[in-house]
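What follows is a single structure, written as structure tokens, with notes after it.
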Amino acid sequence: MSYRKSLIVLFTCIIIALGTLNSAKNSKYERYKIEKAKIEYKISGALSGTETLIFDQFGMLEKKETKGTVNQNGMLQQIHVAEYTLIDKYYDMSLLNNVGNEYSLQSLFDHADSLKKTNLLDIQRETMIAAGATIEDGRRILGRVTQKFTTPDSKFAFWSWKNVTLKIVKSTPIGDITVEAVEIDENPKIDKSVFTLPKNVKIEKR
């Protein structure tokens, strides 16, 4: 690659990076009611392992990474997956198979605009309640006051603090799974590279 082409590539990367950061700062939407956090979870039951959630810009920048072992009929299977929210795009991917999917969040933004609301998870929870989910005071988790949401069939329940899920209990075909926060940092130092997609993962737009 020539020196001139190298400069063009460099400046293009800088422009894209600045554009992403500016979009985050100017985004009128949010998901959580806390600006940033890093949360570590323990997973137990049919799936055992750990999960790390890191977010900034009230959840419009987020990475969740899950590592564990699934016990299915006595057969152990390793999993290593990640999910990203990058302003107007959502990604899920397998870090074992290096494949993933990209989804646009524009329809969520359009729906929020139609309701004249900006918090995307508030809308989701209101929709759940309208569909029959129950909400009640939940127990404290790591000192945080939570609300407990339970689906009508009682097969899925989660405990929410400032719209951040701190605990999940769900029934699945392979058994019950519990995910619970074990450590919360409400003021983490977050390097923006955390929200960079892995280069070796093949992404398919959906």
- Item | Pairwise distance NZ(Lys162) to CZ(Arg144) - rounded to 0.5 angstrom | 8.5 Å
- Task: Please step through salt bridge (Lys or Arg N to Asp or Glu O under 4.0 Å) for the pair Lys63 and Asp56, ending with a clear verdict.
- Result: CA-CA 9 Å; Lys63 176 186 178 182; Asp56 202 350; over 6 Å; no
- First locate atom NZ of Lys117, then atom CD1 of Ile123, and finally report the distance between them rounded to the nearest 0.5 Å. 6.5 Å
- Can any side-chain N or O of Asn119 pair as donor or acceptor with the backbone N or O of Asp122 at less than 3.5 Å? yes
- Any Gln106 side-chain heavy atom under 4.5 Å of Lys89 side chain: no
- Query: Considering only heavy atoms from C-beta outward, does the side chain of Met128 approach that of Thr134 to under 4.5 Å?
  - Reply: no
- Are Tyr84 and Phe195 near enough that their ring centres are under 6.0 Å apart? no
- May I have the step-by-step check of salt bridge (Lys or Arg N to Asp or Glu O under 4.0 Å) for Glu62 and Arg31, ending in yes or no? CA-CA 10 Å; Glu62 178 180 276; Arg31 297 169 64 233; 3.0 Å; yes
- Task: Evaluate the side-chain proximity of Ile141 to Trp159: yes if any heavy-atom separation is below 4.5 Å, no if none is.
- Result: yes
- Item | Pairwise distance CG(Leu166) to OG1(Thr146) - rounded to 0.5 angstrom | 7.0 Å
- Do Val164 and Leu108 belong together in a cluster built from hydrophobic side chains that touch within less than 4.5 Å? no
- Message: When you compare the side chain of Val70 with that of Ile79, does any pair of heavy atoms fall below 4.5 Å?
- Response: yes
- Query: Step by step, would you call Arg206 with Glu204 a salt bridge (Lys or Arg N to Asp or Glu O under 4.0 Å)?
  - Reply: CA-CA 6 Å; Arg206 299 293 185 177; Glu204 183 174 346; 3.7 Å; yes
- Step by step, would you call Thr85 with Leu105 a side chain to side chain contact (heavy atoms under 4.5 Å, CB included)? CA-CA 9 Å; Thr85 298; Leu105 299 180; 4.1 Å; yes
- Under a 4.5 Å side-chain heavy-atom rule over Ile, Leu, Val, Met, Phe, Trp and Tyr, are Ile39 and Leu61 clustered together? no
- Answer whether the closest heavy-atom distance between the side chains of Lys167 and Arg139 falls below 4.5 Å. yes
- Task: Kindly give the heavy-atom pair with the smallest separation between Pro152 and Ala131, and that separation in Å.
- Result: CG-O, 3.7 Å
- Query: Any side-chain heavy atom of Ser48 sitting closer than 4.5 Å to one from Thr69?
  - Reply: yes
- Query: Where the side chain of Asp185 meets the backbone of Asn187, is there a donor-acceptor pair that is under 3.5 Å apart?
  - Reply: yes
- Item | Gln147-Ser160 side chain donor-acceptor pair, cut-off 3.5 Å | no
- Item | Connected via hydrophobic side-chain network under 4.5 Å: Tyr90 and Tyr29 | yes
- Query: Would Thr52 and Glu65 count as having a side-chain donor-acceptor pair, cut-off 3.5 Å?
  - Reply: no
- Query: Would you say Thr66 and Ile43 make side-chain contact, with heavy atoms under 4.5 Å?
  - Reply: yes
- Task: Go through the steps to decide whether Lys42 and Glu180 satisfy the test salt bridge (Lys or Arg N to Asp or Glu O under 4.0 Å), and finish with yes or no.
- Result: CA-CA 6 Å; Lys42 178 183 177 181; Glu180 184 164 357; over 6 Å; no
- Task: Starting from the C-alpha separation in whole Å, work towards a yes-or-no answer on ring pair (Phe, Tyr, Trp, His ring centres under 6.0 Å) for Phe149 and Phe158.
- Result: CA-CA 5 Å; Phe149 293 79; Phe158 66 92; 4.9 Å; yes
- Inter-residue atom distance Lys64.NZ - Asp92.CG, 0.5 Å rounding: 10.5 Å
- Any chance the side chains of Glu183 and Tyr41 put a donor and an acceptor closer than 3.5 Å? no
- Is there a chain of hydrophobic side chains (I, L, V, M, F, W, Y, each step under 4.5 Å between heavy atoms) that links Ile174 to Leu47? yes
- Query: Mind checking whether Phe55 and Leu86 sit in one hydrophobic cluster, side chains of I, L, V, M, F, W, Y counted as touching below 4.5 Å?
  - Reply: no
- Message: Could you check whether atom CG of Asp137 has more than 12 heavy atoms from other residues, nucleotides or ligands sitting under 6.0 Å from it?
- Response: no
- Task: Decide yes or no on side chain to side chain contact (heavy atoms under 4.5 Å, CB included) for Thr178 and Ile168, but give the supporting numbers first.
- Result: CA-CA 6 Å; Thr178 298; Ile168 294 172; over 6 Å; no
- Going from CG on Leu120 to OG1 on Thr118, what distance comes out if it is rounded to the nearest 0.5 angstrom? 8.0 Å
- Query: Going through the distances and angles, do Ile190 and Lys36 end up as a side chain to side chain contact (heavy atoms under 4.5 Å, CB included)?
  - Reply: CA-CA 9 Å; Ile190 302 175; Lys36 61 182 179 178; 4.2 Å; yes
- Any chance you could lay out the side chain to side chain contact (heavy atoms under 4.5 Å, CB included) test for Tyr91 and Ile203, step after step, and finish with the verdict? CA-CA 8 Å; Tyr91 301 84; Ile203 301 294; 4.0 Å; yes
- Query: Taking everything shown except Lys38 itself, do over 12 heavy atoms lie less than 6.0 Å from its NZ?
  - Reply: no
- Distance col, row Glu126:CD vs Leu121:CG, nearest 0.5 angstrom, shows 11.0 Å
- Heavy-atom side-chain contact between Leu95 and Met93 under 4.5 Å: yes
